[in-house]
Amino acid sequence: MKLDALRKYFAAKAGSEETFPFDETTLVLKVGNKMYGLVGLEGDPLRVNLKCDPDLAELLRARYESVIPGYHMNKRHWNSVILDGSIPRKELREMIDHSYDLVFRSLRKADRERIIND
């Protein structure tokens, strides 16, 4: 998936926002002020860090060589996904959806309702 398509997919999520809190080359995606994705903009191929249920994270790492423990993240709860074309687009979207959903569900009820109603 190319950067433009990736950013568009992230942007379509309710309450999703792009930030650059660390540097100018690490795009951080947040919902309710909590991270659910990070994209290294200078990598070739691109890499994206996504939050993941620990059991699913292990399954994905076993299934795809391009899914590895999260770089600079909690390795149990985050995967780094190398966007080299080896993962079907549908599967990548499901990984993004899963990450977003994990973080969204962890928000306070009032914050979830505000995001849904905006």
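Positions are given from 1, in the same order as the sequence printed here.
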(request) Answer yes when Lys30 and Glu18 have at least one side-chain N-carboxylate O distance shorter than 4.0 Å, and no when they do not. (result) no
(message) To check you understand the geometry: which heavy-atom pair defines the closest contact between Leu83 and Pro45, and what is its length?
(response) O-CB, 3.3 Å
(request) Flag the pair Met73 / Leu38 as yes when at least one side-chain heavy-atom distance between them is below 4.5 Å, and no otherwise. (result) yes
(request) State, with a plain yes or no, whether a side-chain heavy atom of Cys52 is found less than 4.5 Å away from one of His98. (result) yes
(request) Answer yes or no: are there more than 12 heavy-atom neighbours, outside Asn74 itself, under 6.0 Å from its atom CG? (result) yes
(message) Checking Ser80 against Asn49 for the side-chain contact (heavy atoms from CB on, under 4.5 Å) test, could you report, in this order, the C-alpha distance in whole Å, the side-chain angles of both residues, the deciding distance, and whether it holds?
(response) CA-CA 4 Å; Ser80 287; Asn49 282 5; 2.5 Å; yes
(message) Other residues, nucleotides and ligands only: do more than 12 of their heavy atoms fall within 6.0 Å of CD on Glu94?
(response) yes
(request) Check whether Ile82 and Leu3 end up in the same hydrophobic cluster, where Ile, Leu, Val, Met, Phe, Trp and Tyr are linked by side-chain heavy atoms less than 4.5 Å apart. (result) no
(message) Quick check: closest heavy atoms across Trp78 and Leu50, and the distance to 0.1 Å?
(response) CE3-C, 3.3 Å
(request) Specify the closest pair of heavy atoms between Phe20 and Thr26, including all atoms of both residues, with the distance to one decimal. (result) CD2-O, 3.4 Å
(request) In sequence, state the C-alpha distance, the side-chain angles, and the governing distance for Tyr9 and Asp97, and then conclude on side chain to side chain donor-acceptor pair (under 3.5 Å). (result) CA-CA 10 Å; Tyr9 194 76; Asp97 294 345; 2.7 Å; yes
(request) Over all heavy atoms of both residues, which pair between Ser66 and Ser86 is shortest? Give the atoms and the distance, please. (result) OG-OG, 2.9 Å
(message) Membership question, hydrophobic clusters at under 4.5 Å side-chain separation (ILVMFWY): are Ile96 and Leu46 in the same one?
(response) yes
(message) Once rounded to the nearest 0.5 Å, what's the spacing between atom CZ of Arg76 and atom CD of Glu58?
(response) 8.5 Å
(request) Taking the side chain as every heavy atom from C-beta outward, state whether Asn79 and Tyr64 have any pair of such atoms under 4.5 Å apart. (result) no
(message) Assess the residue pair Lys34 and Leu107 against the criterion (side-chain contact (heavy atoms from CB on, under 4.5 Å)); give the C-alpha distance rounded to whole Å, side-chain angles, the decisive distance to 0.1 Å, and a yes or no.
(response) CA-CA 8 Å; Lys34 290 188 176 188; Leu107 300 175; 3.8 Å; yes
(message) Quick check on side chain to side chain contact (heavy atoms under 4.5 Å, CB included): which of Val28, Leu29, Leu27 does Thr19 satisfy it with?
(response) Val28
(request) Could you tell me if the ring centre of Tyr36 sits under 6.0 Å from that of Phe10? (result) yes
(message) Within this structure, what is the CD-CD1 distance for the pair Glu17 and Ile115, rounded to the nearest 0.5 Å?
(response) 9.0 Å
(request) For residues Arg112 and Arg105, report the shortest heavy-atom separation together with the two atoms involved. (result) NH1-O, 3.5 Å
(message) If I compare all heavy atoms of Glu24 with all of Leu41, which pair ends up nearest, and what's the gap?
(response) O-CD1, 4.2 Å
(message) Assigning hydrophobic clusters by single linkage (Ile, Leu, Val, Met, Phe, Trp, Tyr; side-chain heavy-atom cutoff under 4.5 Å), is Leu56 placed with Tyr100?
(response) yes
(request) Kindly indicate whether the side chain of Val39, heavy atoms from C-beta on, has any atom under 4.5 Å from the side chain of Arg47. (result) no
(request) Any chance you could lay out the side-chain contact (heavy atoms from CB on, under 4.5 Å) test for Met95 and Ile87, step after step, and finish with the verdict? (result) CA-CA 10 Å; Met95 290 180 201; Ile87 299 174; 4.0 Å; yes
(request) Output yes when Asp111 and Arg108 qualify as a salt bridge under the 4.0 Å nitrogen-oxygen rule, no when they do not. (result) yes
(request) Could you tell me whether a side-chain N or O of Ser16 sits under 3.5 Å from a main-chain N or O of Lys13, the two making a donor and an acceptor? (result) no
(message) Please report the interatomic distance CZ(Arg114) to NZ(Lys109), rounded to the nearest 0.5 Å.
(response) 15.0 Å
(message) Do Val48 and Met1 have side chains that approach each other closer than 4.5 Å (heavy atoms only, starting at C-beta)?
(response) no
